[in-house]
Colleague: 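This is the structure, below, for whatever I ask next.
Numbering of residues begins at 1 and proceeds along the displayed sequence. Both counts, for ligands and for their atoms, begin at 1 and track the order of listing.
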Amino acid sequence: MQKLEQVYEGKAKKVFQTDDPELYIVDYKDDATAFNGLKKGTIVGKGVINNQMTNRLMAKMEKAGIPTHFVKELSQRETLVKKVSIVPLEVIIRNISAGSFAKRYGVEEGIVFDAPTIEFSYKNDDLGDPLLNTYHALALKLATREEVETIEKYAFAVNEVLKAFWAECGVTLVDFKLEFGKLSDGTIVLADEISPDTCRLWDSKTHEKLDKDRFRRDLGGVEDAYAEIMNRLLSHDAD
Ligand code: TMP
Ligand code: ASP
């Protein structure tokens with residue numbers, strides 16, 4: 001598979017064309033940002049961990065019947081994926097209060113919800129990814145009603161698979177962000193990444209944060225937390 005012209009560079013990944021028009025190569029960087037790019041840094045080794053973790057978790061999703069863009073891991077930082085056009089919605093599922101939810105509603109972090117919540121942000125850096133509801137998404141023609149329904153169904157299904165797997169690893173899945181894409185035939189698939197950059201993961205016993213909040217909040221031990229969460233995954237993910 002030949003890596004051709006770069007088509008996109010995001011905050012944490014680059015995307016390249018290949019000699020197959022239906023396939024892209026994603027290349028994970030160690031760059032870390034927070035607060036819409038205001039805070040910048042490097043988490044050494046993050047690209048390798050996020051690549052390998054995402055791929056293992058995407059494979060689990062496929063097994064559970066949730067279609068994804070994942071094709072094949074090519075190297076420590078590179079993965080072959082199906083070409084998609086990203087639906088410009090950030091889909092956030094929460095099981096426990098934290099982050100912007102706690103701030104917005106003036107509640108403490110750590111409240112366990114009776115049922116998971118879902119929310120959407122408009123994926124638009126210039127606007128700071130504003131929150132929106134289904135009516136807004138339809139008005140802005142970001143997706144059709146059927147696509148939003150499919151995305152919601154898959155997002156809650158991802159939550160069940162992820163929550164159960166992380167629980168086996170002694171990790172509580174607090175919340176996470178997903179992105180979905182459309183294949184050239186219109187099929188909706190899970191895309192982007194599932195990693196400590198995009199999930200809040202707490203040690204089930206100590207509630208220690210094992211995710212990017214250590215970077216966002218200057219808690220220290222960022223690289224150690226990424227290594228720890230990857231080790232937990234590897235020791236429970238026999239393949
Ligand atoms: P929030 O509480 O800041 O809204 O974040 C909810 C979840 O989404 C959390 O697991 C981190 C993840 N997230 C991203 O993946 N990218 C982002 O740009 C933001 C703001 C959050
Ligand atoms: N990746 C996001 C940014 O830089 C924020 C985050 O993950 O907190 O905007």
Colleague: Here's a test for you: under side-chain contact (heavy atoms from CB on, under 4.5 Å), which of L210, D224, L234, D211 qualifies with I229?
Modeller: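 Going through the options one by one, the only one that passes is L210.
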Colleague: May I ask you to decide whether K40 forms a salt bridge with D31, counting only side-chain N to carboxylate O separations under 4.0 Å?
Modeller: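 No.
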Colleague: Please examine the side chains of N51 and Q76, heavy atoms only from C-beta on, and report whether any two atoms are closer than 4.5 Å.
Modeller: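 Q76 vs N51: side chains apart.
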Colleague: Against heavy atoms of T198, which atoms of ligand 1 measure under 4.0 Å?
Modeller: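 Counting from 1, the qualifying ligand atoms are 10 (O), 12 (C), 15 (O).
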Colleague: Does any N or O atom in D129 lie less than 3.5 angstrom from one in ligand 1, N or O only?
Modeller: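 There is no such contact.
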Colleague: Using heavy-atom distances, let me know which of K212, K177, R216 sits nearest atom 11 (C) of ligand 1.
Modeller: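 Looking at heavy atoms only, R216 sits closest to atom 11 (C) of ligand 1.
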Colleague: Give me the residue, atom name and distance of the protein heavy atom closest to atom 3 (C) of ligand 2.
Modeller: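 Among all protein heavy atoms, the one nearest atom 3 (C) of ligand 2 is T33 OG1, 3.3 Å.
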Colleague: Would you mind finding which of R94, R200, E193, E90 brings a heavy atom closest to atom 3 (O) of ligand 1?
Modeller: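 Checking each option, the heavy atom nearest atom 3 (O) of ligand 1 is found in R200.
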Colleague: Side chains of L138 and L142: does their closest heavy-atom pair fall under 4.5 Å?
Modeller: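 With C-beta onward as the side chain, the pair stays apart.
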Colleague: State the atoms of ligand 1, each with its element, that fall below the 4.0 Å cut-off from a heavy-atom position in C199.
Modeller: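 Matching atoms, with element in brackets: 10 (O).
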Colleague: Where does K39 meet ligand 2, judged by heavy-atom distances below 4.0 Å: at the side chain, the backbone, both, or neither?
Modeller: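 K39 to ligand 2: no contact under 4.0 Å from either part.
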Colleague: When you compare the side chain of R200 with that of K212, does any pair of heavy atoms fall below 4.5 Å?
Modeller: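 K212 vs R200: side chains apart.
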Colleague: For ligand 2, which atoms sit closer than 4.0 Å to a heavy atom of G37?
Modeller: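 Heavy-atom distances to G37 below 4.0 Å select 3 (C), 4 (O), 9 (O).
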Colleague: Under a 4.0 Å threshold between the charged nitrogen and the carboxylate oxygen, would E119 count as salt-bridged to K177?
Modeller: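 So K177 does not pair with E119 through a salt bridge.
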Colleague: Which residue supplies the protein heavy atom nearest to atom 8 (O) of ligand 2, what is that atom called, and how far is it?
Modeller: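 For atom 8 (O) of ligand 2, the nearest protein heavy atom is R216 NE, 2.6 Å.
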Colleague: For atom 1 (P) of ligand 1, which candidate among G99, S97, S100 provides the closest heavy atom?
Modeller: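 Closest candidate by heavy-atom distance is S100.
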Colleague: Short list, please: which atoms of ligand 1 are under 4.0 Å from a heavy atom of F176?
Modeller: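 The list of qualifying atoms is 10 (O).
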Colleague: Mark the output for D197 as yes if a heavy-atom distance to ligand 1 is under 4.0 Å, and as no if none is.
Modeller: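 Distance cut 4.0 Å: D197 passes for ligand 1.
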Colleague: N95 and side chain to side chain donor-acceptor pair (under 3.5 Å): which partner among T117, N159, T172?
Modeller: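 Among T117, N159, T172, the one meeting side chain to side chain donor-acceptor pair (under 3.5 Å) with N95 is N159.
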Colleague: With a 4.0 Å cut-off, would you call K60 and E160 a salt bridge?
Modeller: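 The answer is no: the pair does not qualify as a salt bridge.
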Colleague: Any nitrogen or oxygen of K212 lying under 3.5 Å from a nitrogen or oxygen in ligand 2? Just yes or no.
Modeller: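 It does: an N or O of K212 is found under 3.5 Å from an N or O of ligand 2.
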